[in-house]
Structures are given as C-alpha cells and as structure tokens.
Amino acid sequence: MRELLQAPYPSLVIPKPYDFAASICDHGWPMLAPFAWDAEHKTLQRVELLDTGRVVLLRLTAQEEGDNVQLQVAVKADQDLTVAEMQELEGKLRWMLKLNEDLSEFYAIAAQHNRLSHVAASGRGRLLRAPTLWEDVVKTICTTNVSWRNTVSMVQRLVARLGAPLVADPARRAFPTPQQVAAADPALFDKEIRLGYRNGYVIQLAREIVEGRRDLEALKQNALPGPELRQELRSIKGVGDYAANTLLVLLGHYHELPVDSAFRSHVKMRHFAHIPADAPPTDAEMAAVYDQWGAWKALGYWFEAGE
DNA sequence: TTCCAGGGGTAGA
DNA sequence: TCTACCCATGGA
C-alpha cells in the first residue's frame with residue numbers, strides 16, 4: 001500500500017473565502033461511513049471505490065495562508081493511480097465539497113443578518129455530500145424517524161456488510177453500490193444490517209437503478225428545475241417531504257425547508273416562544289419565518305439553528 | 001412499558 | 001389535500 005501525496009490538485013479551484021473544517025462539520029455527514037472526521041488534525045477521511053474497481057483511502061486537509069486555501073489530498077492506494085483515476089477523484093472531490101457552487105447571493109443576505117454575517121465572512125455553506133446521489137439518498141432515508149445515533153449505526157452496518165474493502169485494511173470499506181445492495185440476500189438486511197422498515201426502501205431503490213428503471217446520477221446534472229427535481233426525488237419510496245427537501249439542499253437547491261422534529265423544535269423556541277403550548281404554530285407558519293431568505297431558506301435556517 | 005428520534009406509505013374521506 | 005393508522009429500530 002503506497003501513500004501518494006497529490007498536493008494539491010492544480011485544477012481544483014478553491015473558492016474564496018473558504019473554511020474547510022467548518023464546511024465539512026456544518027452538518028452530520030462526516031460522521032457517516034465511509035466518511036470519518038479527525039477533529040484533532042482537521043482531516044476528512046473516506047474510503048472510495050473507483051470506476052476501475054480499485055478501492056482507495058482519501059485523506060483531505062486544508063493548508064491556509066491568509067484567505068488563500070489549498071486542499072491537500074493524500075491518496076492511499078496499492079499502486080500509482082492512472083490519469084483517468086486521478087480525473088475521477090478530482091471530479092468527485094469537487095462535487096463532495098460543492099466547490100463549484102456560487103453562494104454569493106446567500107452571502108449577500110447573510111451579511112445583512114448581524115448574527116449570521118460570520119457565515120458569509122468565513123465562506124461557509126458548502127455542506128458535505130457523497131460522490132453519488134445514490135449514497136446521499138440511502139443515508140437520508142436512514143435519517144428518517146430515528147435518532148441520529150441510530151442513523152450512524154445503520155449506515156455503519158450497511159457499509160461494513162456490503163461495501164468493497166480496502167486491500168491494506170479490509171475492515172475499512174467503501175459505500176456499497178446499488179449493484180452490491182441489489183445482489184445481497186434480503187435476509188442479511190433483516191438479520192444484520194437492520195435498517196428496520198427502511199430495508200425495503202433501500203433494496204427497492206437499488207433494484208430500480210440496477211435494472212435501469214431509475215437514473216439517480218442524471219439528477220446531478222442540474223437539468224431539471226427545482227419543482228420537477230423535487231417531484232422526481234419524492235417518487236422514490238421512502239423519500240417524503242423532509243427527505244426530498246434535504247436532498248434538494250445537498251443538490252444545491254435551498255428554496256425548500258427540510259421540516260423535521262429538529263426544525264420544529266428550533267423554530268418554536270426561537271420564533272414562537274410566546275405562543276401557548278396548546279396552540280402550536282403550523283408548519284406553514286414556521287416556514288414563513290424564512291421567507292426573507294428567498295431561494296436560500298434552507299441555508300438561512302440551517303445556520304440560524306447552528307449558532 | 002412507553003415514548004420518541006433529523007418521517008413516510010397507505011387507505012379513506 | 002387532510003387525517004388516522006401502521007411501520008422496525010434502539011435509547012431514554
């Protein structure tokens with residue numbers, strides 16, 4: 001196993017400003033396998049299966065000099081990567097870190113909010129996502145109606161049982177592909193992976209993809225307007241309003257709010273504390289609080305809640 | 001034992 | 001469109 005320091009990818013343009021560690025940690029995704037966050041060294045690790053079938057370990061850190069940030073990418077692999085593999089990784093890194101998104105409109109609104117102006121100043125808002133929409137859909141389904149700790153456990157078991165292993169450290173595995181999930185014995189889900197009633201949703205989605213009945217990755221091309229994209233996501237069994245809006249955020253559409261128990265709890269406490277408990281605000285009333293954020297409601301809520 | 005967690009599907013109105 | 005009911009899992 002060789003450690004190949006590719007530092008940095010010269011064509012991987014880092015936006016300014018950009019706070020690598022804060023951006024990675026601004027939601028729970030780095031805690032979900034096969035991601036792992038090393039807080040002490042501010043390093044994001046990920047086991048990744050390449051198109052060639054090779055499994056590599058990525059280690060990402062940022063080197064900062066003033067507002068000039070350079071991404072340091074270390075790749076552990078059994079041999080040198082090919083040019084095509086390097087290009088594949090570069091594309092995946094750009095997607096995962098949302099380096100291509102233009103957040104200037106969001107920053108302009110955030111700068112007008114005293115308590116959120118730091119978000120704009122430090123260049124946050126690029127929430128971590130998986131290289132594939134498939135992985136993000138499965139993980140989002142695993143966040144529904146369970147505690148976060150349970151989500152972490154479910155995803156860990158899914159990766160541990162079905163993901164492709166790293167040669168030098170077989171205990172570390174990549175996220176399972178739709179093919180691997182579709183080919184798995186459903187009994188393995190019932191007995192070991194234990195996603196509860198979500199087992200059927202994940203297996204069904206994998207089969208739809210493998211059989212060519214659904215092309216999730218095509219949705220990343222940003223070819224569909226928001227409402228149609230949302231409708232497409234809602235057509236996935238197990239994806240309801242909350243999950244669809246969460247996935248829209250991951251896809252770079254922030255006009256819909258992922259309304260879950262955490263949203264309701266936060267908004268009630270922050271904006272409706274004077275309302276009697278026996279007459280709670282409706283979801284629509286709570287969502288209206290963020291109308292001022294226009295197309296950036298979800299980020300506005302997210303960073304307000306994260307203060 | 002019961003409730004709840006970063007809800008969703010279905011049937012019936 | 002709205003409501004009631006059911007759904008596996010694991011921790012409190």
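All chains are named by letter (A, B, ...) in the order of the sequence lines, taking the proteins before the strands, and each is independently numbered beginning at 1.
- With hydrophobic clusters built from ILVMFWY side chains whose heavy atoms lie under 4.5 angstrom apart, Val289(A) shares a cluster with Ile275(A).
- Protein atom CG of Asp283(A) is 16 Å distant from nucleotide atom P of dG6(B), rounded to whole Å.
- Rounded to a whole angstrom, the distance from the C1' atom of dT3(C) to that of dA5(B) is 22 Å.
- Taking 3.5 Å as the limit, the base of dG7(B) and the side chain of Tyr201(A) contain no donor-acceptor pair of atoms between them.
- A cation-pi arrangement is absent between Arg129(A) and Trp29(A), since the terminal nitrogen or guanidinium carbon is not both under 6.0 Å from the aromatic centre and inside a 45° cone about the axis.
- Comparing the C1' positions of dC5(C) and dG6(B) gives a spacing of 23 Å, expressed to the nearest Å.
- Between Glu307(A) and Arg270(A), at least one side-chain nitrogen of the basic residue sits less than 4.0 Å from a carboxylate oxygen of the acidic one, meeting the salt-bridge criterion.
- Ring planes of Phe175(A) and Trp134(A): perpendicular class, angle over 60° (limits at 30 and 60°).
- In this structure, Met286(A) CE and Tyr301(A) OH are separated by 10.5 Å, a value rounded to the nearest 0.5 Å.
- The stretch residues 137-150 of chain A touches DNA chain B through Thr143(A), Thr144(A), Asn145(A), Val146(A), Ser147(A), Trp148(A), each having a heavy atom under 4.0 angstrom from the strand.
- Rounded to a whole angstrom, the distance from the P atom of dG8(B) to that of dG11(C) is 23 Å.
- In the hydrophobic clustering of this structure, Tyr107(A) groups with Tyr254(A); members are Ile, Leu, Val, Met, Phe, Trp, Tyr whose side-chain heavy atoms approach within less than 4.5 Å, directly or through other members.
- Taking hydrophobic clusters as Ile, Leu, Val, Met, Phe, Trp and Tyr residues chained together by side-chain heavy-atom distances below 4.5 Å, Leu60(A) does not share a cluster with Val13(A).
- For Ser261(A), counting side-chain heavy atoms from C-beta on, the closest listed nucleotide (dG8(B), dG9(B), dG7(B)) is dG7(B).
- Looking at Tyr242(A), its side chain comes within 3.5 Å of the base of dG6(B) through a donor and an acceptor atom.
- In summary, contact between chain A and DNA chain C, defined as any nucleotide atom under 4.0 Å from a heavy atom of the protein, begins and ends at dC7(C) to dA12(C) in the 5' to 3' direction.
- Mapping Ala262(A) and Gly238(A) onto DNA chain B via the closest heavy atom, the residue that lands nearer the 5' end is Ala262(A).
- Here the separation of dA11(B) from dA8(C), taken at their P atoms, is 15 Å to the nearest Å.
- In this structure, the CG atom of Leu127(A) is 17 Å from the P atom of dG6(B), given to the nearest Å.
- The existence of a salt bridge linking Lys268(A) and Glu285(A) is excluded, since no basic side-chain nitrogen approaches an acidic carboxylate oxygen closer than 4.0 Å.
- No side-chain donor-acceptor contact under 3.5 Å links Asn199(A) and Arg194(A).
- The interatomic distance linking Asn199(A) (CG) with dG9(B) (P) rounds to 16 Å, in whole Å.
- Remark: the separation of the C1' atoms in dC3(B) and dC7(C) is 15 Å, to the nearest Å.
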